[in-house]
Amino acid sequence: MAATAAIAIVAVEEDGRIGASFPAGVLRLERVFPVNHSVELEELIARDRARHARMLQNFAGGIGNFPVIGSSDPFLVGFYYTKVKLGSPPREYNVQIDTGSDILWVTCGSCNNCPQTSGLGVELNFYDTASSSTASLISCSDRRCASDECSRETNQCAYTFHYGDNSGTTGYYVSDLIYFDTVLGTSLTANSSSPIVFGCSTSQSGGLTKMDRAIDGIFGLGQQGLSVISQLSSNGISPKVFSHCLKGDGNGGGILVLGEILNPSIVYSPLVPSKVHYTVYLQSIAVNGQILPVDPGVFVSSNDRGTIVDSGTTLVYLASEAYEPFISAITAIVSPSAKPIISGKRPCYLVSSSIEDIFPPVSLNFAGDASMDLRPADYLAHMGFLEGAAMWCVIFEVNDLGLTILGDLVLKDKIIVYDLARQRIGWAEYDCSSPVNVSITSGKDEFMNAGQYVSSSPRSVPFNLPLARTNALLLLFWELMIGSYLCSLTSMLLVVFLDI
């Protein structure tokens, strides 16, 4: 490996021509590591990660890409989850995607009453602060500790969470690295990391203790200060917007990005301000184009009413004042072609043909003239056969407490954008197995597609994800071989003189 490199210094004349006003010079480079010094791969990776972290401090935009597993089918998985990497060395954890809570937490190795195996066929991993070289505990006096629960004996910032299904978890907060892919430009991605605060669960209760659908934790994507999206946005690593597209058919899956998925069909509706959850202004419900006779006050947001968007909920819950008119309207329309019955207190229908031919479309109408259109498959489930006919049942639930919750049943097969910066939520019907366009830099007309890069500028160039990763590896190779200074200078010259 050469210890020095000759670099021809060129200049741009006033008329725009590239000239050789400056003589070629020799830039002497110091080796990052001595020739006879053995370097462990982990040390090289740690050095490169630190450099990326410095780069990202001034990076306003970019996306974090996470895979999605699971489905909305309540008879299969019943929820969607993703994989996050935490700690040093990084370990992978399966966590439920939950926009109805704020904190990312994973199960601690010392957790009491916690599942050891999962019926989903995934290996359960347990987080251990002692096994991560970058982990640190959050003390009660730490400014990031917003909890009223603190252990006087250990001085640890603790928490207790309770969820709508009567499950719960207790534990303490830690700080460690989270890893994700970040798009740095039109043809380059980087494996990036950032320190975040998350929970280490030491005890669980309710449904969280059941082994049939056990995973490693919950990925809270709410809008409070300790949510992952808020922390990364505050650090300047990602824009204050995230999106998901949850696939409803087949084996499920989809995509989750810490960024804005773009689609010309997306409609937006404002968020109700100063709410803990993603609360929207539901104004009416229409069945087959006819508005249900429901007092609009039923949907008005208050302490115990309103409509929230919650990916951590599988079903849809309607306020009781809206549920009964909803069922009545559907029954009146389908009765000539389907036999209404009650099965286990659930309204069902015996159908001898396609539900698309019999059941009406439903529209949820929101402020901002934004409607969410639902197909029969979004509010019905096939429950077997009876009397020689297929039995389809309404799987919307009634909520006697007055709160309307929009869960995965209506969020699936749609792009959903949570725009915290503009305080709005957007959606559009979409095939979630298809590539999506994602904004790379906030406020600019640049987009990234899973297979190509698209820009409204005439200088559009291909964006290929495998090639981008290859370029990133090549850049890493040269950084390690001759130090980061030369690569940074070369990149700067390319930007100035080639306008890339």
Side-chain angles (χ1 to χ4, degrees), residues 66-83 94-100 115 117-122 163-165 167 206-208 210-219 221 244-256 308-318 326-327 330 343-351 354-356 358-359 361-362 364 372-386 389-399 404-416 427 429-434:
F66 295 87
V68 172
I69 313 101
S71 76
S72 61
D73 190 336
F75 306 106
L76 295 176
V77 180
F79 62 88
Y80 293 88
Y81 59 99
T82 187
K83 298 177 182 293
N94 293 295
V95 288
Q96 182 179 359
I97 300 169
D98 183 18
T99 62
T117 59
S118 172
L120 296 176
V122 299
Y163 299 98
D165 61 354
S167 64
L208 292 174
K210 297 180 179 179
M211 293 189 297
D212 58 340
R213 301 182 185 185
I215 52 176
D216 299 318
I218 291 181
F219 195 174
L221 287 165
H244 59 64
C245 196
L246 309 175
K247 190 172 182 294
D249 298 330
N251 296 323
I255 184 172
L256 168 68
I308 66 174
V309 178
D310 181 11
S311 68
T313 296
T314 303
L315 305 179
V316 170
Y317 295 82
L318 295 180
F326 174 72
I327 299 300
I330 291 176
S343 177
K345 298 183 179 181
R346 186 178 297 280
C348 299
Y349 307 88
L350 300 182
V351 182
S354 170
I355 59 172
E356 300 294 336
I358 299 175
F359 287 86
V362 173
L364 307 179
M372 180 180 289
D373 298 325
L374 308 181
R375 306 160 299 168
D378 294 328
Y379 61 83
L380 295 171
H382 186 208
M383 298 289 196
F385 295 87
L386 183 66
M391 183 168 67
W392 289 85
C393 300
V394 175
I395 49 176
F396 281 16
E397 298 285 337
V398 60
N399 188 349
T404 297
I405 305 174
L406 305 181
D408 293 335
L409 284 180
V410 297
L411 302 181
K412 63 180 173 61
D413 298 321
K414 296 177 182 67
I415 294 169
I416 308 290
W427 59 85
E429 291 187 20
Y430 197 74
D431 178 1
C432 296
S433 61
S434 300

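Please read these numbers as outputs of a predicted model, since none were measured by experiment.
Residues P115 and K210 approach most closely at CG-O, 4.0 Å, considering heavy atoms. Shortest non-hydrogen contact noted between P376 and E356 is CD-OE1, 3.4 Å. Scanning both residues, Y349 and I327, for their nearest heavy atoms gives OH-O, 4.0 Å. Closest non-hydrogen pair, I69 versus T82, comes out as CD1-CA, 4.2 Å. Residues M391 and L386 share a closest heavy-atom pair of SD-CD2, 4.5 Å. Nearest heavy-atom pair, L76 versus S71, reported as atom, atom and distance to 0.1 Å: CB-OG, 4.1 Å.
Interatomic distance, CG of D310 versus CG of L406, reported as 9.5 Å (0.5 Å rounding). Distance CD1/I416 to OG/S311: 10.0 Å, rounded to 0.5 Å.
D413 places a side-chain heavy atom less than 4.5 Å from the side chain of R375. In this structure, M372 and V410 have side chains that are in contact, with non-hydrogen atoms separated by less than 4.5 Å. When side chains are defined from C-beta on, S343 does not count as touching M383, because their heavy atoms never get closer than 4.5 Å. Annotation: side chain of H382 is in contact with side chain of W392 (closest heavy-atom distance under 4.5 Å). Residues V77 and Q96 are not in side-chain contact: their nearest non-hydrogen atoms beyond the backbone lie 4.5 Å or more apart. The shortest side-chain heavy-atom distance between F66 and I97 does not fall under the 4.5 Å cut-off. Between L409 and Y379 the shortest side-chain heavy-atom distance does not fall below 4.5 Å.
No side-chain donor-acceptor contact under 3.5 Å links R346 to the backbone of E397. Side-chain atoms of S167 do not come within 3.5 Å of backbone N or O of G206 as any donor-acceptor pair. Although no hydrogens or angles enter the test, the distance criterion places no donor-acceptor pair under 3.5 Å between the side chain of S72 and the main chain of G248. Not one N or O on the side chain of D408 forms a donor-acceptor pair closer than 3.5 Å with the backbone of T314.
Residues that satisfy the side-chain hydrogen bond (donor to acceptor under 3.5 Å, both in side chains) test with K412, not counting sequence neighbours, are D378. With sequence neighbours left out, Y80 forms a side-chain hydrogen bond (donor to acceptor under 3.5 Å, both in side chains) with no residue at all.
F326 and F396 have parallel rings, their planes meeting at less than 30° on a 0 to 90° scale where 60° marks the start of perpendicular. Taking the six-membered ring for Trp and thresholds of 30 and 60 degrees, Y81 and F79 have ring planes inclined between 30 and 60 degrees apart.
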